[in-house]
Amino acid sequence: MKPQKVRLNRADKSLQLVFGDAEFTLPAEYLRVFSPSAEVRGHGAGEPALVSGKLHVGIEQIAAAGRYALKIAFDDGHDSGIYTWEYLRELAQNFTNNWDRYLKRLRAEGKRRDPEEGVVKFIG
């Protein structure tokens, strides 16, 4: 089901999807770490790559990919992967479970959302 409206909010770093029966707001970080690209999802049914350090990522641009999907370009240079309407709705409906699972996996692998956290910077 195609959304009736798609709204990019650069200030909030989010994408709003308005369907006939529901409305969702998806953070850019969430969309980036759950990218449908081969780089993230791989080519098989195995565990997707763990993408970390994307706390501050934003969406640079969105564009229609035919009538069935969106192409999202992020400000970290990632712009591969096609977000079908079905995949976006699935991401929206499963946000809480997906996000909790992602945060647990980050902790288990000793990775962080914030690329600056834990880094010592020397200023001279």
Value rounded to 0.5 Å, distance of OH in Y102 from CZ in F34: 8.0 Å

Rounded to the nearest 0.5 Å, how far does CG of L17 lie from OH of Y83? 12.0 Å

Going through the checks in order, is the side-chain contact (heavy atoms from CB on, under 4.5 Å) test met by V6 and L88? CA-CA 11 Å; V6 176; L88 285 166; over 6 Å; no

When every non-hydrogen atom of K71 is compared with those of S80, the smallest separation belongs to NZ-CA, 3.8 Å

R7 CZ to T25 OG1 distance, which is reported to the nearest 0.5 Å: 9.0 Å

F19 and M1 have their tightest heavy-atom pair at CE2-O, 3.1 Å

side-chain contact (heavy atoms from CB on, under 4.5 Å) evaluation trace for Q16 with K5: CA-CA 8 Å; Q16 182 184 30; K5 291 182 187 176; over 6 Å; no

Separation between CG (D79) and CD1 (I62), nearest 0.5 Å, reads 14.0 Å

Okay, side chain of K13, backbone of H56: is any donor-acceptor separation there less than 3.5 Å? yes

Once you measure the plane-to-plane angle for F95 and W99, does it fall in the parallel (<30°), tilted (30-60°) or perpendicular (>60°) bin? parallel

L31 reachable from L50 in the ILVMFWY side-chain graph, under 4.5 Å edges: yes

Take F24 and L91, measure what side-chain contact (heavy atoms from CB on, under 4.5 Å) needs, and give me the verdict at the end. CA-CA 10 Å; F24 305 100; L91 285 176; over 6 Å; no

Is F74 reachable from I82 through a run of hydrophobic residues whose side-chain heavy atoms are each under 4.5 Å from the next? no

Cluster question for you: counting only ILVMFWY and a side-chain heavy-atom cut-off of under 4.5 Å, with indirect links fine, are V40 and V33 together? yes

Examine distances only and state if a side-chain atom of R112 and a backbone atom of S52 form a donor-acceptor pair shorter than 3.5 Å. no

Nearest non-hydrogen partners of R10 and E60, listed with the distance: NH2-O, 2.7 Å

Out of curiosity, does L55 fall in the hydrophobic cluster containing V57 (side-chain heavy atoms, cut-off under 4.5 Å, transitive links)? no

Once you round to the nearest 0.5 Å, how far does NE2 of H78 lie from CD of E39? 5.5 Å

Got a salt bridge between D21 and R89, using NZ or NE/NH1/NH2 to carboxylate O under 4.0 Å? yes

I need the minimum non-hydrogen distance between I59 and A28, along with the two atoms involved. CG1-CB, 3.6 Å

Between atom CG of L70 and atom CD of Q61, what is the distance when rounded to the nearest 0.5 Å? 11.0 Å

Indicate the atoms forming the closest heavy-atom contact of R113 with E29, along with that distance. NH2-OE1, 2.5 Å

Under 4.5 Å between side-chain heavy atoms, hopping through other hydrophobics if needed: is there a path connecting L103 to V51? yes

